[in-house]
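Keep in mind that this is a model prediction, so the values were computed, not measured. Letters A, B, ... mirror the listed sequences (proteins, then strands); counts begin at 1.
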Number of protein chains: 2
Amino acid sequence: MTASPQVPYRVWQDTSDAFNSDCPVREVLDHITSRWGVLILAALTRGSMRFAELHKMIDGISEKMLSQTLRMLVRDGLVTRTVEPVTPPRVRYELTELGEGLTVSLQPFLDWLYRHTADIVMAQNRHDRDVT
Amino acid sequence: MTASPQVPYRVWQDTSDAFNSDCPVREVLDHITSRWGVLILAALTRGSMRFAELHKMIDGISEKMLSQTLRMLVRDGLVTRTVEPVTPPRVRYELTELGEGLTVSLQPFLDWLYRHTADIVMAQNRHDRDVT
DNA sequence: CAGCATCCAAAAGGATACTG
DNA sequence: CAGTATCCTTTTGGATGCTG
């Protein structure tokens, strides 16, 4: 983990490690677990979506963050952006094959989340009661 | 999704939805996907860890954020904090059963991450070349 | 050792106004 | 419609110094 600090980061296929802040794995993790990343990816599992649809579906996101996060996901090759040449413009966002694979891998976590949020809220209440 | 806005949020078991910013599912999602949440949970899958061990293992985290995120995870019932009454103090952090279940559900995602970070970096390079 | 408190810098994020 | 640009606020986070 502390080996060869003198050479620029390169052979991350072998030595990669999300615990290392210089490793691309860490950067990608940060992108996906960014505040709106998982929610946008989850929304797109329902199929192709337009900007306004995503904006309406994901409660609380601003246009700025939606646009910003979508650009990042497109750059990462997880989402495609397709402009239909009509007026007014119509833009469709869709998962790539890579993005599909990612959402499949996220499914167990999302399932867990829905099934255990109740447990967590209970734990929070218990904790707040005990500590206060 | 927009039903009964006049009553305080309550029946989230049935209507829960991470896309709703008022839903506990969303809050829990934010906790887990907070900047250091996944990394700390992943680190603890290797077994019980002391504060300094976590600090050393997770590159780039400050003591403040480590302590802050650990407190949140303890409150959420995902991690236990045990103080051994010796001097100097020794504190062990460990996954609870709930936390274990969570990390199991995160495993497919982490596996995907390691296997596909290369693809994402390639997509980024392609994108940067094309757009610039 | 395991932290908390404080202060400060940086980044994230929201509101608004505007454009092709 | 689907954004971008700007400004501003809030949050995040790091560095430092201190304690039981």
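Once you apply a 4.0 Å limit to the heavy atoms of chain B, the touched nucleotides of DNA chain C run 5' to 3' over C/dC1 to C/dC7.
A donor-acceptor pair under 3.5 Å links the side-chain atoms of A/Y114 to the main chain of B/A18, judged by distance alone. Distance alone, capped at 3.5 Å, is enough to place a donor-acceptor pair between the A/R26 side chain and the A/F19 backbone.
Looking at heavy atoms from C-beta onward, A/V28 lies out of side-chain contact with A/D76 at the 4.5 angstrom threshold. Residues B/W36 and B/L66 form no side-chain contact, since every pair of their non-hydrogen atoms from C-beta on lies 4.5 Å or further apart.
When the P atom of D/dT4 is taken as reference, atom NE2 of A/H55 falls 13 Å away, rounded to whole Å. Distance CD (A/E84) to P (D/dA2): 9 Å, rounded to an integer number of Å.
Taken from CE in A/M122 to CG in A/N125, the straight-line distance is 9.0 Å, to the nearest 0.5 Å. One distance of note links CG of B/L54 with CE of B/M49; it measures 4.5 Å at 0.5 Å rounding.
When all heavy atoms are compared, the tightest approach of A/S48 to A/E53 is O-OE1, 4.4 Å.
Partners of A/T80 according to the side-chain hydrogen bond (donor to acceptor under 3.5 Å, both in side chains) rule, which considers only residues two or more places apart in sequence or in another chain, do not exist here. For A/S67, the side-chain hydrogen bond (donor to acceptor under 3.5 Å, both in side chains) partners at least two apart in sequence or on another chain are A/R71. With sequence neighbours excluded, the residues forming a side-chain hydrogen bond (donor to acceptor under 3.5 Å, both in side chains) with B/H116 are B/D119, listed by chain and number.
DNA chain D is contacted by A/P88, A/P89, A/R90, A/V91, A/Y93 of residues 85-96 of chain A, taking any non-hydrogen atom closer than 4.0 Å.
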Pairs under 3.5 Å (N/O, protein and nucleotides 11-14 of chain D):
from	atom 1	to	atom 2	distance (Å)
D/dG13	N7	B/K64	NZ	2.9
D/dG14	OP2	B/S62	OG	3.1
D/dG14	O6	B/K64	NZ	2.4

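Position along DNA chain C of the nearest nucleotide to A/E63 versus B/E53 favours B/E53 as the more 5'-ward residue.
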